[in-house]
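Residue numbers begin at 1 in each chain, while the letters A, B, ... track the order of the sequences. Please read all numbers here as calculations on a predicted model, not as lab measurements.
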Amino acid sequence: MSNELIRLTAADLAAKLASGEVSSVEATQAHLDRIADVDADIHAFLHVSDHALEVAADIDRRRAAGEALGPVAGVPLAIKDVLVTTDMPSTSGSRILEGYLSPFDATVVARSRAAGLVPLGKTNMDEFAMGSSTEHSAYGPTHNPWDLDRIPGGSGGGSAAAVAAFEAPLALGSDTGGSIRQPAHVTGTVGLKPTYGGVSRYGAIALASSLDQVGPVTRTVLDAGLLHDVIGGHDPRDSTSLADAWPSFADAAREGARGDVLRGLRVGVISELPDSGFQAGVSASFRSALAVMEAQGAEIVEISAPHFEFGVAAYYLILPAEASSNLAKFDSVRFGLRVTPSGTPTVENVMAATRDAGFGDEVKRRIILGTYALSAGYYDAYYGSAQKVRTLIQRDFDSAFAQVDVIATPSAPTTAFRLGEKIDDPMQMYLNDVTTIPANLAGVPGISIPSGLAEEDGLPVGIQFLAPAREDARLYRVGAALEALLVDAWGGPLLDRAPVRGGVA
Amino acid sequence: MSEITPDLVRHLGVLARIQLSDEEVERLTGQLDVIVDNIAKVSQVATPDVPATSHPIPLQNVYRPDEVGETLTLAQALQNAPDAADGRFRVTAILGEEQ
């Protein structure tokens, strides 16, 4: 019974909760049991809630009392540790915030609670969301459920691994340069980065404020839409929050699953991202997914995005510059770690010692890089130039979307690499983000859904779709349409082919 | 090659308030050299006629109504402080002896 519960999609579980066939306590207990069973191997969670069952029982009581609850009330939720929570520690994967208890909830967390979602715990991540593998977490890496020796992606590897390992049906992630989409790619799951400003950043511990965006991490496109409907929309506490009225993304996914949206859909493929830039099995999976769409009437159009090749370079100037400013608040005064050197140290000595002890290597690397890029004499050449590249990439998107409805790329260059393989080569690690970064620089939405397994290693591959800003619903329609065709062709979800973890039947 | 030197990295550490060890300075110098060489290519296309973009979606700054809203209590503001006394954050001396 509990094994069946954990494998349900959030949509199916919500239907059973609404009909009374299953209680939220049963569903929550099943997921807590699953976490107890497998998380010693996966390490998706940094903290597991000690009162999830109470929250679930309250939902069950309210439902029994006839209260009108939202469509996902009672469904368990995993929360990336970058999002602050009043009832669980929030560390952003950093030693400097060990044990930090926020006096307020992030808006997305508050909205999740109001919708009746049941927080299970906080998920592991690269420290302050800097990385593509979770190996930069101060609390040890997360392991990919498909192969425990491999990375689950990053920075949101914990959230992706949690849904891939059936420890949670839904998770929240954040995506600054691909931290939702690349983990989805390597774990055979679904992740969507909304249009910049579509989801509140209030209470998301800031990495790079002009790039960060919170979004859903799930096993199906419909589940992502259901969660996006809960967390999205204007928030007066985030000055970059868009005031748009958004359509229901769950409805968009349901509409897409009927399949006719592919007829006449113009799908752009970027000529500057040739197959030779990808692992053979990744590009093969990508091409076969395109063929499936073409067979349903989609038109594949080659487009040019000549400035995408400068995206990684611009990103690794803009992100460190913004991060070095955002992380200045970790000063040992108001919250977080304090390390006091011997003697009679000044407050500056204490800050410098604290930040050396509390930040990991990657965080220091990016703060130093950002400080360099912003320093007098270099600002125009580096940060100023990077901002111009941002304009050029936006123009590439504008001209592309004048020709096509969506752009498709493989979600990342390779399948999951081995833990430790790239940890000593930061530049190689940065190049993992080549396909995902342009969306953050331009603010457009992107989704990654499973396209299959790579022939050479049997590991999951994702296909990414990008749409114009504010057209998130288009990604749900197109993603759900392709997902329905592929799952049908596979005879079941891709995750059915992942190794079965855990000892409990 | 870029101009990243150990002295520059040490100076950046001072600016960023990170007390880097000699070993860290040495490692960062090599790594940043490679990274800066790679990212400097932005200047190839960032010509004077291209305007800079700071935010992906053009927005105007917004102000909330000037009304008292929900704020943290003193206890909430201090709950995570490494050290506090008399309702304030407590730190070591601001100025050193030689200052």
(message) Is the distance between the ring centroids of A:Phe397 and A:Phe308 under 6.0 Å?
(response) yes
(request) Over 60° means perpendicular and under 30° means parallel, so classify the ring planes of A:Phe330 and A:Phe335, tilted if in between. (result) perpendicular
(request) Give, as side chain, backbone, both or neither, the part of B:Leu28 having an atom under 4.5 angstrom from any heavy atom of chain A. (result) side chain
(message) Under 4.5 Å from any heavy atom of chain A, what part of B:Gln76 do you find: side chain, backbone, both or neither?
(response) both
(message) Please rank A:Asp331, A:Asp424, A:Ile368 by heavy-atom pairs under 4.5 Å with chain B and give me the top one.
(response) A:Ile368
(message) Taking every non-hydrogen pair under 4.5 Å, which of A:Val347, A:Leu211, A:Asn440 racks up the most with chain B?
(response) A:Val347
(request) Sort B:Val50 into side chain, backbone, both or neither according to what part of it lies under 4.5 angstrom from a heavy atom of chain A. (result) both
(request) Under 4.5 Å heavy-atom distance to chain B, tell me which part of A:Ala314 shows up: side chain, backbone, both or neither. (result) both
(message) Looking only at the aromatic ring of each residue, does the gap between the centers of A:Tyr430 and A:Tyr315 stay below 6.0 angstrom?
(response) no
(request) Heavy-atom distances under 4.5 Å only: say whether B:Leu59 touches chain A with side chain, backbone, both or neither. (result) side chain
(request) Sort B:Ile18 into side chain, backbone, both or neither according to what part of it lies under 4.5 angstrom from a heavy atom of chain A. (result) both
(message) Less than 3.5 Å apart, any donor N or O on the side chain of B:Asp7 or B:Thr5 sitting next to an acceptor on the other?
(response) no
(request) Go through the atoms of B:Leu78 and report whether side chain, backbone, both or neither lie under 4.5 Å from a heavy atom of chain A. (result) neither
(message) Applying salt bridge (charged side-chain N to carboxylate O under 4.0 Å, His left out) to B:Glu24 and B:Arg27, what does each step give before you reach the verdict?
(response) CA-CA 5 Å; B:Glu24 284 180 310; B:Arg27 186 152 35 92; 5.0 Å; no
(request) Sort A:Val333 into side chain, backbone, both or neither according to what part of it lies under 4.5 angstrom from a heavy atom of chain B. (result) both
